[in-house]
2 protein chains.
Amino acid sequence: MHLNQFWKSGKKALAGDKVTAQKPGAAMRIPNVYEKDCPTRLVLDHIADKWTALILWKLVDGPLRFNQIRRIVEGISQKMLSQTLKQLERDGLVSRRAFATVPVTVEYSITPLGHSLAEKMAAVSLWAQDNIDSVLSAQAKYDAGVDEIA
Amino acid sequence: MHLNQFWKSGKKALAGDKVTAQKPGAAMRIPNVYEKDCPTRLVLDHIADKWTALILWKLVDGPLRFNQIRRIVEGISQKMLSQTLKQLERDGLVSRRAFATVPVTVEYSITPLGHSLAEKMAAVSLWAQDNIDSVLSAQAKYDAGVDEIA
DNA sequence: GTAGCTAGTACCTAAAAGAAACTAGCGAGT
DNA sequence: ACTCGCTAGTTTCTTTTAGGTACTAGCTAC
């Protein structure tokens with residue numbers, strides 16, 4: 001059974017409520033990120049994230065170990081890396097595999113689901129790189145204008 | 001002059017350093033989100049954000065007032081909306097126009113720059129809506145597995 | 001012996017997010 | 001007349017999150 005088809009029932013349905021049978025593929029509710037209790041909102045909060053974008057996109061090129069990622073994604077702390085990877089694994093976007101080497105090595109690789117998201121997030125990273133000039137000059141103009149008024 | 005072409009010079013260059021002339025379009029440094037001091041990193045942190053994605057995408061359909069956005073983007077607090085809009089305006093992604101009505105109304109509209117980003121971020125929101133089933137079942141599987149081990 | 005590698009976790013602090021109350025001036029309802 | 005609600009925010013407080021640093025174990029190389 002797909003809980004997610006009835007995502008609002010967990011809150012609204014009373015114990016004993018019968019959920020009418022669904023045709024396969026016919027979702028009961030259309031997921032909508034603009035609804036505050038929709039699970040897509042939580043997922044959007046995980047994935048629309050700096051570290052997620054950076055990590056995921058590097059894993060597209062092939063599996064990487066914990067410390068490899070840490071070196072590539074400059075400025076990420078061990079804590080945030082560990083936390084983000086755990087989140088990504090839970091969401092089914094990356095898979096974790098430990099090898100009984102000495103010392104233990106752990107390999108993170110991207111799943112097909114993660115790959116489809118990585119492409120979308122990469123577009124955002126690329127946008128930032130392509131449009132940094134425009135953004136920085138907009139910021140400069142805005143800051144100058146604020147000074148004028150003040 | 002485009003300050004952004006020399007984004008690292010602000011930190012590394014000493015007063016009196018001469019920056020050699022650039023051919024038009026030839027940036028001194030290629031912006032790279034993986035470098036921790038690159039300004040693209042800061043911008044990525046702003047834009048890879050839940051509220052930014054939601055607000056920006058709704059503004060594509062036309063200008064909206066403060067409280068209209070607040071009603072559409074369920075669950076956003078006035079503080080976060082105010083803050084996010086200010087950020088978006090500073091980054092040149094939306095423009096703000098106040099009308100001397102009673103009470104004052106303020107209209108937010110998307111800029112061409114904002115529009116180009118909105119498309120990328122919308123792809124991420126849509127991904128969340130399209131793949132929520134896969135993510136939720138991956139989470140369920142992960143949580144069950146963790147229980148097993150524990 | 002000790003310094004470094006592996007992949008993390010634990011602790012503490014600093015920053016950000018979120019909830020709620022408050023601003024002011026006017027229109028509408030009772 | 002009084003209170004409610006509308007406009008667009010700001011202010012304050014609390015809770016959550018992020019970030020930095022130190023620490024773990026067991027092995028290798030110097």
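Chain naming here is simple, since letters A, B, ... match the order of the sequence lines and numbering starts at 1 in each.
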Measure the distance from CG on B:Leu88 to P on D:dG9 and round it to the nearest whole Å. 13 Å
Give the nucleotide from the list C:dA7, D:dG9, C:dG25 with an atom nearest to the side chain of B:Tyr108. D:dG9
Ranking D:dA8, C:dA7, D:dC27 by distance to the side chain of A:Thr105, first place goes to C:dA7
Please give, in whole Å, the distance from D:dA18 P to A:Lys86 NZ? 14 Å
What is the separation between atom CG on A:Asp49 and atom P on D:dA18, rounded to the nearest whole Å? 7 Å
Separation of C:dA17 C1' from B:Gln87 CD (nearest whole Å): 14 Å
Is B:Leu113 reachable from B:Val94 through a run of I, L, V, M, F, W or Y residues, each pair having side-chain heavy atoms under 4.5 Å apart? yes
Taking atom C1' of C:dA20 as reference, at what distance in whole Å does atom CG of B:Leu81 sit? 16 Å
With nearest nucleotides of DNA chain D determined for A:Ile76 and B:Asn67 from heavy-atom distances, which residue corresponds to the more 5′ nucleotide? B:Asn67
Rounded off to whole Å, could you give me the CD-to-P distance for the A:Glu107 and C:dT6 pair? 14 Å
Is there side-chain contact between B:Thr84 and B:Thr52, with at least one heavy-atom pair below 4.5 Å? yes
Would you please confirm or rule out a distance under 4.0 Å between OP1 or OP2 of C:dT6 and any side-chain N or O of A:Arg71? yes
Whole-Å gap separating C1' (C:dC11) and CE (A:Met80): 16 Å
Under a 4.5 Å side-chain heavy-atom rule over Ile, Leu, Val, Met, Phe, Trp and Tyr, are B:Met80 and A:Leu44 clustered together? yes
Find the distance between CZ (A:Arg90) and NZ (B:Lys141) and round it off to the nearest 0.5 Å. 14.0 Å
Please determine whether a side-chain nitrogen or oxygen atom of B:Ser82 lies at a distance below 4.0 Å from atom OP1 or OP2 of D:dT10. yes
State whether the distance check finds a donor on one side and an acceptor on the other, under 3.5 Å, for side chain B:Gln78 versus base C:dA21. yes
Please determine if a side-chain N or O atom of A:Arg96 lies less than 4.0 Å away from the OP1 or OP2 oxygen of C:dG8. yes
For the pair B:Glu107 and B:Arg97, find out whether any cationic side-chain nitrogen is under 4.0 Å from an anionic carboxylate oxygen. yes
Given D:dC6, D:dA8, C:dC26, the nucleotide with the shortest approach to the side chain of B:Pro103: D:dC6
Picking from D:dG9, D:dT10, D:dC6, which would you name as closest to the side chain of B:Val106? D:dG9
Within the structure, does a side-chain N or O atom of B:Lys50 lie under 4.0 Å from either OP1 or OP2 of C:dG18? yes
Would you tell me if any nitrogen or oxygen in the side chain of A:Gln83 comes within less than 4.0 Å of OP1 or OP2 on D:dA18? yes
Looking only at non-hydrogen atoms, find the nearest pair between A:Arg65 and A:Arg71 and report the distance. NH2-NH2, 4.4 Å
Comparing A:Arg70 and B:Ser77 on DNA chain C - which has the more 5′ nearest nucleotide: A:Arg70
Between C1' of D:dA18 and NE2 of B:His46, the distance in whole Å: 15 Å
Could you check whether the side chain of A:Lys79 and the base of C:dA10 have a donor-acceptor pair of N or O atoms closer than 3.5 Å, going by distance alone? no
N/O (side chain, B:Trp51) to phosphate O (OP1/OP2, C:dG18) under 4.0 Å: yes
